[in-house]
Each structure stands twice: as C-alpha cells, then as structure tokens.
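Chain letters run A, B, ... following the sequence lines, proteins first and then strands; every chain starts at 1.
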Amino acid sequence: MAKLINKNVRARFAPSPTGRLHVGGARTALFNWLFARQNGGKFILRIEDTDIVRSTKDFSQSVIKDLKWLGLDWDEGPDIGGNYGPYFQSRRIEIYKNYASALLKKRKAYFCYCTLEELEQRKKKMHEKGMLPKYNCRCRNLTLGERKEFEREGRSPTVRFRVSGEGAIYVEDLLRGKVSFETKMLGDFIILKSNGTPTFNFANVIDDALMKMTHVIRGDDHLSNTPRQVLLYEALSFKIPQYAHIPMILGRDGTKLSKRHGATSIADYREKGYLPWTMINYLALLGWSTQESQQFFNQEELIRSFSLERVGKSATVFDPRKLEWMNGEYIRKLKPNQLVDLLIPYLRRENWVTKRIDPLTRKKILKVTELEQERVKVLSQITNLADFFFKSDFEYDRTSVEKRLKKDYVPPLLKKMRKRIAGLSLFNEKNLERLIRDLASEFSLSPGEAFHPLRVALTGKMKGPGLFELAVLLGKNEVLRRIDRAVEMLKKQRNKGGGSASGRPRDSGSRSGGSNPPPPANFFGRE
RNA sequence: GUCCCCAUAGUCUAACGGAAAGGACACUGGGUUUUCAUCCCAGCGAUGGGGGUUCGACUCCCCCUGGGGGCACCA
C-alpha cells in the first residue's frame, strides 16, 4: 500500500528543560521528527520552561545541543524562530494570561484562593476517608465580597478551570483508538499558578493550538492528561490535534527509567562513546518495528519505513547490551580514518597525545585503530584496550601474569628471545614469527606457550591484537625494553616470594643496580 | 484507593482468524584465530491464567492476575 503523505503535518517535540535530554525524550523527539520528515511536513521544537523553579537556561541549551548531536533538525524553534513564536513558553506568559482572562469572563474558569497548605490538608483528609483526591471546589462560587476578603488576607489566587458536564470525554488516539474518561473523575484543575505562569495542561494546549500542530506524539504517561486538555480545546474553541500516545521506556526492572538504572541521558552516552546514529537506530526500534524486524537502517531508510501505525502499544525496556552491540556494529563499519578522529578525544583525555597531532603520530594512531577496531564497542573503551601502545609503564594485568608468566620456563625463554630479537636484522612480522616458533621448538614448547608470555610482556594483557603486528608497531627497541621490564618484574616478584603480580617495577622502591627500567616516556613521543 | 493504558522467550519484536509461532540482543556449545575480538555453524528459550466465540484463536469478547501511568500551583 502506498504511503499517504500529508505535507501539512506539523509535529513537535516540547521538552521541559529541567534536566538533560533523556533517552525517552529523545525517542519521542525522534518519532515526531520521523513522522514529520516522511510526510514532508514540519517539525517544531518548543521549550516548555514554565516551571521557573526547576527549569534552567543551561538545560535548554544542553537539550538543544543533544538533539542536534543526534542529527535531528527542526523547521521552527527557539534558536531559529518561525512564524508561530516565540518558542520558549517563558516568553509567552502574556498569551496564556489573555486566554485565562477569556475563560474567566466566560465563567469557564474562576479564581481560587486556597493555599497550598489548605489543599494539602484537604487532600490528606480525603485520602484517609478513601475518597478520590479530587479537588472540592470551595472557591467555585465565591461572591465578590468573599474574594475581596481573601485578597485582604494577602492571598494571591490561582485560576482554575471549571469542569462541568456529565458523561464521558473521548480521546481519539491513533494507536489506541477511542479512549473514554468519566468527566466526573476530573476535578477543577489549575491553569494559571498564583505566580501568573501557566500549568502544563494549559500552556501545552494553547501553544499546540496557536502553533497549528496537527499531531501530538508523546509518551503514554500523558494519556491520562488528555481529557483535561480536550476540555480546554473545547472551551477555547480550538481544533483538537491527532494524538498518538507512544509506549514508555522502562528500566531493566520494569519501572520507569531513572538514574538508578545507570546512564539515562543522551549526553551520558555521547560521553561514553556511542555514535549518534547508534542511538537513533536503537531508539527507533524501541516500540517500533518493520514487518521483517529489520535491525539496521540508514537515515533515508528509517524515514521511509517508519510509520505510526506500526508503533506498538506496550511499554519497552531499555537494553544497554543491545545498544552496545549495535554501537560495535556501527564502529566496525567506519573507515579507520573516521574512527581515528572519534578516538582522539579519548586519547587526549588520558594525555596520551598532545593537542596538536603531527602527521606521523596520526599515522601511528591510525595503525593502532586498525588493530583495535574490531574490539571497540564504545569509543571510551580504547583507553583500556590500547594503553600499552601509548605508554611504556603500563600496568600488568594480575591474572594475565599469573596465568602466562608465572612459569619456570618463562624467564629463560624471554631472555633468549630478547637476545635473538636484538640480533634480528629485519624486524618484521614474518621474521619475528619465525624466530618465536623456532625458539618454541628449541624449548620443546607449543607455539602458544611461547606467544603468550611475550604478549603479556609487551602489553600487560593476555588479550589483544595480533602479537606480531603489535610488536612491529611498537618497534624493535621498545620490544626489547619491554622484555627487560617483564623479566625484571618477575625477578622482583620471585624475590618477594611470589606476592603481588600487578606491581609496577618502577614504583617498588629504590633500585639495587642492574639494568634500569625504561623511562615512563610516551611511546609515540619517543620513537 | 480510583481512573486509564498495556500483556509473544531474560530483552527488543514479527506473524489478513488458518505455518514447525519468524528475526535480533543476551546466553550456551562448536568451528576459524597465537589470545581476545571479529566471522561462521548449532542450541536454549515465548503466546501470563481461566472462560467463551469459531471447523480453527497469539490474533475477537469477558473475568482474573501482573506491570505501568494519571489523580500536583511538575512537565
């Protein structure tokens, strides 16, 4: 079936800047964006900063930054303007006040002088009686005199919407069909706070109407708010948009995703080293799928294939493991040269490379990248994977030393190896491999029994890239130094009676003659 | 408590009322590799329970259970 496109579509993302952009918010933004883009319609960004206590300018900026980082773009928004601005709710206060006045005049709203404490108390009492904690409208029909009296007491009023009428309110939802709510379940609700700012339900409705939104795609935690909003649309004679309440994203334990579940903000994932498109691709699959359960999409494919009709209805669990897998897939698809650029910030953070990178150093980083690419799932992991390429005084992994170096044959083997390597005229992979294999058979060892100790001596680990490739990259002299260092380390441990295997020779007190360990110089700086 | 939403493996999910319930992550085993990773092969594993409707139910209806959300001068 050919997809119907509707160029008049206007969809929006309306975050409140009370924190960094959350994965749930990001997915809501994504679905709106995809929907707008595939229809050739407009995607609008509006910042809902009416909670003056919790909203900050910094969070507004960071939300915008994170959306851009994800690769989302908008046709109207706080940073670029548009025909229906301003796009910060905090700059639209007068608009809300005017509409509130209109409702007051029509007696669809009224001033309420109850204080927070009074409301709190009343709610508590109702709760104790097992009643619905719905507002009983003490101020609903105040006389002018009574109002004057309250004002003399110094109370500043809120404006409440008068909920009246019998029967049900129907919400037409694109995903869930017609959902009905009993009007009598709703209490009169506040539309203007006593400080003059609007509440969410009020500002949201007015802006969506004034900004001519055709579709409201949002988390289904908003479904229960919708009947109130419908009442407002009707009271203000606004056209009700099409709703689509998408399933929420939960944490591993099935509860609402929160900091308890670890990283939840887009910025967290950016900093760890997830690629923006990984986030988009993964998030798109949370609550939506194609008939074939396709896993990977490029941007055009995603825009083309997305459809609201195929968005599911049940809550989804955010799975960091699948996200990491997907990031690894995308990292492996990168050209090594692209990956180098992404990796460099993490190397800088460790002070392994200088701010300016000369061509030779870059070439070496490229080589390291080629050797490690298939192991990197998250960019920041490069730090643990490749430390030994950048520093000579890397630490030895304890279990690697135990398993691969604590053998009687190892010290003599390494010493012999050192001698042979020193005598090697052409230090390349082929020659090195032949050398080690020959040595293994001289010692009556399997090749592996010779390879493994050398690997630990050179890298401190028992996992990593091809042994001969990494050795050649390190260079002959560095390889010799590292063998010396490992032999030295083993000797010291033996003297100490087989104590800690993770000791760094340089750090274990003054030296008593013998060969000195290599200086802690930067490998790339020195060679 | 009450209202609303939801229900296929541990997780994301597919399946005009008519397949052996398909794919992906994770996990397990095997192969390749000097190790790890990659790659390849194989395996484990699901329609929450109970009633209907129907020749036939993952699919439609009802009840139960479970989970989530709202009931704010938060959004």
>> Let's see if you get this right: which residues in residues 447-460 of chain A place a heavy atom under 4.0 Å from RNA chain B?
In response: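 Hits under 4.0 Å, by residue number: F451(A), H452(A), R455(A).
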> Mind checking what makes side-chain contact (heavy atoms from CB on, under 4.5 Å) contact with R437(A), not counting sequence neighbours?
Replying inline: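 Checked R437(A) against side-chain contact (heavy atoms from CB on, under 4.5 Å); matches are E433(A), P447(A), F451(A).
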> With sequence neighbours excluded, what pairs up with K322(A) under the side-chain contact (heavy atoms from CB on, under 4.5 Å) test?
Replying inline: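 Partners of K322(A) by the side-chain contact (heavy atoms from CB on, under 4.5 Å) criterion, ordered by chain and then number, come out as Y282(A), Q295(A), D319(A), W325(A).
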>> Filter on side chain to side chain donor-acceptor pair (under 3.5 Å), then keep only pairs touching residues 439-449 of chain A, sequence neighbours left out; what's left?
In response: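 Passing the test, one end in residues 439-449 of chain A: R420(A)-E442(A), S446(A)-E449(A).
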> Tell me, which pairs form a salt bridge (charged side-chain N to carboxylate O under 4.0 Å, His left out) where one or both residues lie in residues 109-119 of chain A, sequence neighbours left out?
Replying inline: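 Non-adjacent pairs meeting salt bridge (charged side-chain N to carboxylate O under 4.0 Å, His left out): E118(A)-R138(A), E118(A)-R155(A).
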>> Once salt bridge (charged side-chain N to carboxylate O under 4.0 Å, His left out) is applied, what residue pairs with a partner in residues 167-177 of chain A remain, sequence neighbours excluded?
In response: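 Every pair satisfying salt bridge (charged side-chain N to carboxylate O under 4.0 Å, His left out) with a residue in residues 167-177 of chain A: R176(A)-D220(A).
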For [X], answer base if it contacts any base atom (sugar-phosphate contacts may also be present), sugar-phosphate if it contacts only those atoms, and nothing otherwise; contact means non-hydrogen atoms under 4.0 Å.
X: H222(A); result: base
X: Q381(A); result: nothing
X: R332(A); result: sugar-phosphate
X: P247(A); result: nothing
X: T50(A); result: sugar-phosphate
X: T199(A); result: sugar-phosphate
X: G464(A); result: base
X: K377(A); result: sugar-phosphate

>> On the six-membered ring of Y396(A), is R398(A) placed so that its NZ or CZ lies under 6.0 angstrom from the centre and within 45° of the ring axis?
In response: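 Verdict for Y396(A): no cation-pi partner in R398(A).
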>> Distance to the ring centre below 6.0 angstrom and angle to the axis at most 45 degrees; does that hold for K367(A) and F389(A)?
In response: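 No - K367(A) does not lie over the ring of F389(A) by the 6.0 Å and 45° rule.
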Calculate the interatomic distance between [X] atom [atom1] and [N] atom [atom2]; express it in whole Å.
X: F13(A); N: A75(B); atom1: CZ; atom2: P; answer: 15 Å
X: L21(A); N: A75(B); atom1: CG; atom2: C1'; answer: 14 Å
X: R310(A); N: C16(B); atom1: CZ; atom2: C1'; answer: 13 Å
X: Q291(A); N: U13(B); atom1: CD; atom2: P; answer: 16 Å
X: E374(A); N: U38(B); atom1: CD; atom2: P; answer: 8 Å
X: D221(A); N: A72(B); atom1: CG; atom2: P; answer: 16 Å
X: K256(A); N: C6(B); atom1: NZ; atom2: P; answer: 18 Å
X: I191(A); N: A72(B); atom1: CD1; atom2: P; answer: 16 Å

> Hey, which of these two, A14(A) or V376(A), hits RNA chain B nearer its 5' end, going by closest nucleotide?
Replying inline: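 This one resolves to V376(A).
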> Which sits closer to the 5' end of RNA chain B, T290(A) or K463(A), going by the nucleotide each is nearest to?
Replying inline: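 In this pair, the answer is T290(A).
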>> Could you check, using the six-membered ring where one of them is a Trp, whether F200(A) and H222(A) have ring centers closer than 6.0 angstrom?
In response: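 Yes, the ring centres sit under 6.0 Å apart.
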> So, do F306(A) and W288(A) have ring centers that fall under 6.0 Å from each other?
Replying inline: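 Centroid separation for F306(A) and W288(A): below 6.0 Å.
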Extract from the structure each pairing of a protein N or O with an N or O of nucleotides 10-12 of chain B at less than 3.5 Å, listing the distance.
unit_1	atom_1	unit_2	atom_2	d
C12(B)	OP1	V317(A)	N	2.8
C12(B)	O2'	L285(A)	O	2.7

Distances for protein N/O vs nucleotides 3-5 of chain B N/O pairs under 3.5 angstrom?
unit_1	atom_1	unit_2	atom_2	d
C5(B)	O2'	R176(A)	NH1	2.6

> Could one point to a donor on the side chain of T255(A) or the base of G67(B) with an acceptor on the other under 3.5 Å away?
Replying inline: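 No such pair is found, so the answer is no.
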> Where do D58(A) and T56(A) land on the side-chain hydrogen bond (donor to acceptor under 3.5 Å, both in side chains) test, with the steps shown first?
Replying inline: CA-CA 5 Å; D58(A) 282 353; T56(A) 73; 5.4 Å; no
> What orientation do F161(A) and F189(A) show, parallel under 30°, tilted 30 to 60°, or perpendicular over 60°?
Replying inline: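 F161(A) vs F189(A) ring planes: tilted.
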> Taking the inter-plane angle between the rings of Y269(A) and F318(A) on a 0 to 90° scale, is it parallel (under 30°), tilted (30 to 60°) or perpendicular (over 60°)?
Replying inline: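 Geometry flag for F318(A) against Y269(A): tilted rings.
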Strictly under 3.5 Å: I want the nitrogen or oxygen pairs between protein and nucleotides 43-49 of chain B, one per line.
none

> Does Y99(A) have any ring-ring contact (aromatic ring centres under 6.0 Å, His included) partners at least two apart in sequence or in another chain, and if so, which?
Replying inline: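 Expected list: F238(A).
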> Does a side-chain N-to-carboxylate-O contact under 4.0 Å join E329(A) and R332(A)?
Replying inline: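 Answer for the salt bridge query: yes.
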Between [options], spot the one nearest the side chain of [X], thanks.
X: L467(A); options: A7(B), U34(B), C25(B); answer: U34(B)
X: S293(A); options: A37(B), A75(B), U13(B); answer: U13(B)
X: R228(A); options: A75(B), C71(B), C74(B); answer: C71(B)
X: S289(A); options: A14(B), A26(B), U8(B); answer: A14(B)

> Quick one: is K461(A) getting a side-chain N or O under 4.0 Å of the U34(B) phosphate, OP1 or OP2?
Replying inline: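 Negative; the distance criterion is not met.
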Whole-angstrom distance between [N] and [M], as gauged at atom [atom1]:
N: G48(B); M: A9(B); atom1: P; result: 6 Å
N: A46(B); M: U34(B); atom1: C1'; result: 42 Å
N: G68(B); M: U35(B); atom1: P; result: 47 Å
N: C55(B); M: C64(B); atom1: P; result: 28 Å
N: G22(B); M: G45(B); atom1: P; result: 13 Å

> What residues form a salt bridge (charged side-chain N to carboxylate O under 4.0 Å, His left out) with R375(A), not counting sequence neighbours?
Replying inline: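 Applying salt bridge (charged side-chain N to carboxylate O under 4.0 Å, His left out) to R375(A) gives E372(A).
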> Does the salt bridge (charged side-chain N to carboxylate O under 4.0 Å, His left out) test come out yes or no for R46(A) and D207(A), once each step is laid out?
Replying inline: CA-CA 9 Å; R46(A) 179 176 75 227; D207(A) 288 346; 3.7 Å; yes
> Does E151(A) have any side chain to side chain donor-acceptor pair (under 3.5 Å) partners at least two apart in sequence or in another chain, and if so, which?
Replying inline: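 Side chain to side chain donor-acceptor pair (under 3.5 Å) list for E151(A), sorted by chain: Y113(A).
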>> Any strand counts, and the cut-off is 3.5 Å on both contacts for Watson-Crick or G-U wobble. Which nucleotide pairs with U33(B)?
In response: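 The answer is none; no pair meets the criterion.
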